[in-house]
Amino acid sequence: MLTQIWVVSLVAVALTQVAVVATSIYLHRTLAHRALTMHPIADVLFRAALWLTTGLDRREWVAVHRKHHAFTDKEGDPHSPRLLGIWRVQLLNAYYYQREARNPETIQKYASDIPEDRLDRILFSRGLLGPGLGTAVLCLVLGIVPGLIAGLAHAVLYVGVLSPLINGVGHWRGAQNFENTARNSAVLAWMTGGESLHNNHHAHPRAPKFSVRRVEFDPSWLVIRALELVRMVEVTGALARLSPEGPVRR
């Protein structure tokens with residue numbers, strides 16, 4: 001029984017990390033900010049991984065994120081804790097995302113460069129089918145009850161914990177290397193694929209690597225470097241650097 005609990009827990013955490021890193025590398029750095037370009041094979045693999053683990057629509061995610069950058073912590077930001085309150089963003093982040101993602105004007109304005117292709121129309125636009133199929137695979141491998149628990153735990157971690165931490169704490173508390181309203185958390189960055197180095201990212205949105213100091217670690221950058229070695233990814237954005245004056249002191 002104890003062994004089964006450990007297996008289910010490890011599977012849930014592993015799935016969450018796959019989803020987090022895929023979100024960071026593909027949806028965020030590649031599509032939203034064009035810091036990377038992907039080989040078509042890698043593109044399909046990342047889309048499939050995200051479809052099975054999250055069911056996210058890539059055009060919706062990109063549009064909501066780009067609007068967040070256009071109105072960071074100002075009226076129009078879809079999920080600013082400075083406007084909405086930290087606990088509302090932490091607890092209702094999925095609601096705020098869906099509310100903005102369902103706005104056709106947002107999609108048209110901020111994701112018009114990402115057309116819906118044949119794979120989207122046939123498969124990847126069917127958001128509920130992906131996680132449903134992924135959960136079915138878990139049930140076949142682990143058993144029905146353990147598979148359902150692992151799938152549910154993964155959903156809670158990704159949707160209810162890590163994503164809100166990035167959007168909430170990332171604009172509420174933490175260190176700053178640059179002059180903007182976002183914040184860094186070197187600790188949370190280990191669990192969020194580097195996304196919690198949010199202050200660095202807002203200073204240099206097209207930087208493919210989010211860490212700029214030795215004490216900061218960006219796990220997704222290691223994956224990017226590995227993909228570079230096998231020519232599945234090409235870095236197109238410039239790496240961020242601290243200014244000669246050093247980090248902001250606050």
Side-chain angles (χ1 to χ4, degrees), residues 7 10-62 65-66 111 113-127 129-131 133-134 137-138 140-141 150 154 157-158 162-163 166 186 188-198 200-201 204-241:
V7 169
L10 288 174
V11 168
V13 171
L15 286 173
T16 303
Q17 286 305 303
V18 167
V20 164
V21 171
T23 300
S24 183
I25 294 175
Y26 182 69
L27 296 178
H28 195 182
R29 306 182 203 209
T30 300
L31 295 186
H33 295 293
R34 304 298 184 186
L36 309 167
T37 57
M38 279 195 175
H39 189 282
I41 293 176
D43 184 277
V44 172
L45 290 176
F46 270 94
R47 290 168 72 179
L50 285 164
W51 182 63
L52 290 169
T53 58
T54 70
L56 287 171
D57 182 297
R58 61 180 186 158
R59 298 180 74 240
E60 291 179 353
W61 196 98
V62 168
H65 183 71
R66 286 175 175 173
D113 60 321
I114 306 174
E116 186 180 53
D117 63 11
R118 183 176 298 179
L119 284 175
D120 286 322
R121 290 189 292 270
I122 295 174
L123 196 63
F124 295 139
S125 63
R126 305 176 189 276
L129 180 60
L133 182 57
V137 172
L138 287 176
L140 286 174
V141 175
H154 154 61
L157 286 172
Y158 181 84
L162 296 184
S163 293
I166 296 167
L188 290 178
W190 285 75
M191 298 178 283
T192 59
E195 292 289 316
S196 291
L197 298 173
H198 219 51
N200 298 347
H201 170 60
H204 299 277
R206 288 204 69 233
K209 179 185 179 185
F210 288 178
S211 58
V212 297
R213 305 182 69 187
R214 290 184 179 180
V215 296
E216 298 169 348
F217 177 57
D218 177 7
S220 295
W221 179 243
L222 295 183
V223 180
I224 292 169
R225 295 290 288 164
L227 291 170
E228 267 193 301
L229 292 176
V230 294
R231 300 183 179 180
M232 288 290 105
V233 164
E234 180 183 354
V235 173
T236 54
L239 298 183
R241 295 284 187 269

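Note that these values count all heavy atoms, side chains included, but never hydrogens, waters or copies made by symmetry. As the structure is a computational prediction, the values presented were derived from the model and not from experiment.
Taking OG1 from Thr37 and CG from Leu31, the interatomic distance works out to 11.5 Å, rounded to the nearest 0.5 Å. The distance from the CG atom of Asp57 to the CZ atom of Phe124 is 11.5 Å, given to the nearest 0.5 Å. To the nearest 0.5 angstrom, Ser220 atom OG is 10.0 Å from Leu36 atom CG. Expressed to the nearest 0.5 Å, how far CG of Leu45 lies from OH of Tyr26 amounts to 11.0 Å. The structure places CG of Leu15 at 11.0 Å from CG of Leu10, a figure rounded to the nearest 0.5 Å. To the nearest 0.5 angstrom, Leu138 atom CG is 10.0 Å from Leu133 atom CG.
In this structure Ala19 satisfies the side chain to side chain contact (heavy atoms under 4.5 Å, CB included) test together with Thr53, Thr54, His154, Tyr158, sequence neighbours excluded. Judged as a ring pair (Phe, Tyr, Trp, His ring centres under 6.0 Å), and not counting sequence neighbours, the contacts of His204 are Phe178.
Considering every non-hydrogen atom in both His201 and His65, the closest pair reads NE2-NE2, 3.6 Å. Closest of all the heavy-atom pairs between Ala150 and Ala12 is O-CB, 3.7 Å. Closest approach of Asp218 and Ser211 over heavy atoms only: CB-OG, 3.8 Å. When all heavy atoms of Pro219 and Ala189 are compared, the closest pair comes out as CD-O, 3.5 Å.
Annotation for Arg121: atom CZ counts as buried by contact number, over 12 foreign heavy atoms lying within 6.0 Å.
The backbone N or O of Pro208 sits less than 3.5 Å from a side-chain atom of Arg29, completing a donor-acceptor pair. Side-chain atoms of His33 do not come within 3.5 Å of backbone N or O of Thr30 as any donor-acceptor pair. Distance alone, capped at 3.5 Å, is enough to place a donor-acceptor pair between the Thr236 side chain and the Ala35 backbone. Judged purely by atom type and a 3.5 angstrom limit, Thr192 uses its side chain to pair as donor or acceptor with the backbone of Leu188.
Under the 4.5 Å side-chain criterion, counting only non-hydrogen atoms from C-beta, Thr16 is not in contact with Met191. Side-chain atoms of Trp221 and Val235, non-hydrogen and from C-beta on, do get closer than 4.5 Å to each other. Contact check for Asp120 versus Asp117: side-chain heavy atoms found under the 4.5 Å cut-off.
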Exercise. Between Trp61 and Thr23, does a side-chain contact (heavy atoms from CB on, under 4.5 Å) hold up when you go through it step by step?
Worked result: CA-CA 9 Å; Trp61 196 98; Thr23 300; 3.8 Å; yes
Problem set entry | Ile25 and Met38: CA distance, side-chain angles, deciding distance, side-chain contact (heavy atoms from CB on, under 4.5 Å) verdict | CA-CA 10 Å; Ile25 294 175; Met38 279 195 175; 3.6 Å; yes
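The aromatic rings of Phe210 and His28 lie perpendicular to each other, with more than 60° between the two planes, well past the 30° mark.
Ion pair Arg34/Asp113 flagged as a salt bridge, since at least one NZ, NE, NH1 or NH2 atom sits closer than 4.0 Å to an Asp/Glu carboxylate oxygen.
Judged by a 6.0 Å distance limit and a 45° cone about the ring axis, Arg58 is not positioned over the six-membered ring of Phe46.
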